[in-house]
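Values reported hereafter were calculated over all heavy atoms of this structure, with side chains retained and with hydrogens, waters and symmetry mates removed.
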Amino acid sequence: MLVTDAQIHLWELDRPDRPWPQPPRGVPQRPDGFSGVQALAAMDAIGVDRCVIVPSLVAGDRNDFAIEVVRAHPDRFAIMGRFDTSDAANAHQLSTWKQQPGMLGIRLAGGTPPLPERIVDGSLEWLWDGCERNDIPLMMLPGPTALEAVGAVAERHPGLTIVLDHLSLRLVGDGTAFETLDATLALSGFANVYVKVSSVPNFSTEPFPYHDIHTHIRRVYDHYGPRRMFWGSDLTRLRGTYADCLRLFREELDFLSIEDREWLLGKGIAECLRWPETPRAT
């Protein structure tokens with residue numbers, strides 16, 4: 001079974017030739033950055049074969065560091081890159097976007113105005129159209145308030161692949177995150193919408209094996225099925241251990257079959273992002 005982590009942030013510290021945006025875009029999840037070498041050590045320790053890099057927002061809309069990591073380890077990493085959506089004139093970049101090393105698509109989060117507002121007001125129609133025409137999958141974290149508008153985008157653009165990060169829930173760990181899950185489940189009727197069951201230990205108020213969230217994950221499974229839900233850790237902000245995050249899906253959740261686990265832990269995202277399942281050299 002090839003295990004793929006659907007989301008891991010990598011970033012380097014602010015440096016003169018690659019300065020971070022000012023004013024800052026959020027707070028780094030770890031003070032000293034997180035490198036490809038650190039990620040590989042964590043992956044190898046628990047048996048993760050591949051990771052999708054989501055470059056950290058703090059470094060801005062640039063992918064230099066992620067591309068360097070992919071070039072050094074092409075069998076272990078790929079990228080859902082940052083893209084500057086502030087100007088529709090950037091649409092010309094979409095025709096060659098996936099020619100960059102390891103680039104599988106685009107990840108949307110943050111921005112001014114915030115992403116949910118821009119999804120609702122229709123100002124990103126040029127992006128949806130360009131990504132659909134150029135076969136560029138999108139990962140996004142619109143939050144629950146914009147999900148109805150996301151459904152409208154999915155309906156207008158049936159050829160656009162949309163992956164909802166962290167189930168598009170509010171990123172809180174007080175036991176209330178799943179209160180908005182119905183809005184995510186409502187989009188399961190669109191065949192081009194997928195979900196990442198990523199960072200889910202952060203939504204639990206219990207220790208491993210996080211029994212209080214099993215029922216919610218089962219509801220996601222019942223709506224999306226194992227081929228449209230992808231395991232991910234969001235390692236640098238993960239509550240609990242990396243090993244336990246993987247064990248939750250590999251060993252717990254008794255409603256999953258062996259075939260289900262294969263799809264959820266790697267086959268599904270490989271198919272969705274057009275990232276061939278090539279066994280890595282050992």
Q.
Can you tell me which residue among Thr184, Val195, Leu185, Leu187 is in a side chain to side chain contact (heavy atoms under 4.5 Å, CB included) with His223?
A.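 Of the listed residues Thr184, Val195, Leu185, Leu187, the side chain to side chain contact (heavy atoms under 4.5 Å, CB included) partner of His223 is Leu185.
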
Tell me whether the rings of [X] and [Y] are parallel (<30°), tilted (30 to 60°) or perpendicular (>60°).
{"X": "Tyr242", "Y": "Trp231", "result": "parallel"}
{"X": "Phe255", "Y": "Tyr221", "result": "tilted"}
{"X": "Phe77", "Y": "His73", "result": "perpendicular"}
{"X": "Phe203", "Y": "Phe178", "result": "perpendicular"}

Donor-acceptor pair, [X] side chain versus [Y] backbone, under 3.5 Å?
{"X": "Asp260", "Y": "Ser257", "answer": "yes"}
{"X": "Arg228", "Y": "Val163", "answer": "no"}
{"X": "His9", "Y": "Val54", "answer": "yes"}
{"X": "Asp121", "Y": "Ser123", "answer": "yes"}
{"X": "Ser35", "Y": "Gln38", "answer": "yes"}
{"X": "Ser198", "Y": "His166", "answer": "yes"}
{"X": "Thr241", "Y": "Asp244", "answer": "yes"}
{"X": "Lys267", "Y": "Glu277", "answer": "no"}
{"X": "Asp49", "Y": "Val3", "answer": "yes"}
{"X": "Arg239", "Y": "Pro201", "answer": "yes"}

Counting C-beta onward and ignoring hydrogens, is there a side-chain heavy-atom pair between [X] and [Y] closer than 4.5 Å?
{"X": "Met140", "Y": "Ile119", "value": "yes"}
{"X": "Pro209", "Y": "Glu251", "value": "no"}
{"X": "Ser188", "Y": "Tyr194", "value": "no"}
{"X": "Val70", "Y": "Ile79", "value": "yes"}

[atom1] of [X] to [atom2] of [Y]: how many Å apart, nearest 0.5 Å?
{"X": "Arg25", "Y": "Leu57", "atom1": "CZ", "atom2": "CG", "value": "6.0 Å"}
{"X": "Trp128", "Y": "Ile136", "atom1": "CH2", "atom2": "CD1", "value": "12.5 Å"}
{"X": "Ile106", "Y": "Leu138", "atom1": "CD1", "atom2": "CG", "value": "6.0 Å"}
{"X": "Thr236", "Y": "Gln29", "atom1": "OG1", "atom2": "CD", "value": "3.5 Å"}
{"X": "Leu265", "Y": "Leu2", "atom1": "CG", "atom2": "CG", "value": "10.0 Å"}
{"X": "Trp11", "Y": "Phe34", "atom1": "CH2", "atom2": "CZ", "value": "7.5 Å"}

Report whether [X] and [Y] are members of the same hydrophobic cluster (ILVMFWY, side-chain heavy atoms less than 4.5 Å apart, transitive linking).
{"X": "Met80", "Y": "Leu108", "result": "no"}
{"X": "Val37", "Y": "Val52", "result": "no"}
{"X": "Leu141", "Y": "Leu273", "result": "no"}
{"X": "Trp97", "Y": "Met139", "result": "no"}
{"X": "Leu264", "Y": "Leu167", "result": "yes"}

- Item | Test log, rule side-chain hydrogen bond (donor to acceptor under 3.5 Å, both in side chains), inputs His211 and Glu206 | CA-CA 7 Å; His211 284 299; Glu206 299 181 5; 5.8 Å; no

Indicate whether any N or O donor in one side chain lies under 3.5 Å from an N or O acceptor in the other, for [X] and [Y].
{"X": "Arg170", "Y": "Thr180", "result": "no"}
{"X": "Ser233", "Y": "Asp5", "result": "yes"}
{"X": "Thr96", "Y": "Gln99", "result": "no"}
{"X": "Thr161", "Y": "Asn192", "result": "no"}
{"X": "Asp174", "Y": "Thr205", "result": "no"}

Short N-O contact, [X] and [Y], less than 4.0 angstrom:
{"X": "Lys196", "Y": "Asp234", "answer": "no"}
{"X": "Arg18", "Y": "Glu68", "answer": "yes"}
{"X": "Arg107", "Y": "Asp61", "answer": "no"}
{"X": "Glu259", "Y": "Arg227", "answer": "yes"}

**Asked** Given the rule in the salt bridge (charged side-chain N to carboxylate O under 4.0 Å, His left out) test, do Asp64 and Arg82 qualify, once you have shown the distances and angles that lead to the verdict?
**Response** CA-CA 10 Å; Asp64 323 53; Arg82 297 287 180 188; over 6 Å; no

Item to complete: Apply side-chain contact (heavy atoms from CB on, under 4.5 Å) to the pair Ile162 and Val153, showing each step before the final yes or no.
Response: CA-CA 9 Å; Ile162 299 172; Val153 172; 4.2 Å; yes

Taking the six-membered ring of Trp275 as reference, does the cationic atom of Arg50 (NZ for Lys, CZ for Arg) lie under 6.0 Å from its centre and within 45° of its axis?
yes

Chi angles and distances behind the side-chain contact (heavy atoms from CB on, under 4.5 Å) call for Val58, Val27:
CA-CA 7 Å; Val58 297; Val27 178; 6.0 Å; no

Check your understanding: For Phe230 and Val197, what are the C-alpha separation, side-chain angles and deciding distance, and is it a side-chain contact (heavy atoms from CB on, under 4.5 Å)?
Key -> CA-CA 6 Å; Phe230 314 135; Val197 280; 5.9 Å; no

Going through the distances and angles, do Asn134 and Ser95 end up as a side-chain hydrogen bond (donor to acceptor under 3.5 Å, both in side chains)? CA-CA 6 Å; Asn134 291 285; Ser95 63; 5.3 Å; no

- Task: Would you please test Arg261 and Glu252 for salt bridge (charged side-chain N to carboxylate O under 4.0 Å, His left out) and show each step?
- Result: CA-CA 10 Å; Arg261 297 180 202 274; Glu252 303 292 330; over 6 Å; no

Determine, step by step, whether Glu262 and Arg250 satisfy the salt bridge (charged side-chain N to carboxylate O under 4.0 Å, His left out) criterion, reporting the C-alpha distance in whole Å, the side-chain angles of both residues, the deciding distance to 0.1 Å, and the verdict. CA-CA 9 Å; Glu262 290 177 349; Arg250 188 151 61 180; over 6 Å; no

Going through the distances and angles, do Ile217 and Leu248 end up as a side-chain contact (heavy atoms from CB on, under 4.5 Å)?
-> CA-CA 11 Å; Ile217 297 172; Leu248 174 62; 4.3 Å; yes

With a sphere of 6.0 Å drawn around CD of Glu148, does it hold more than 12 non-hydrogen atoms of other residues, nucleotides or ligands?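 At most 12 heavy atoms, drawn from other residues, nucleotides or ligands, come within 6.0 Å of this atom.
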
For Arg218, does the CZ atom have more than 12 heavy-atom neighbours from other residues, nucleotides or ligands under 6.0 Å away?
yes

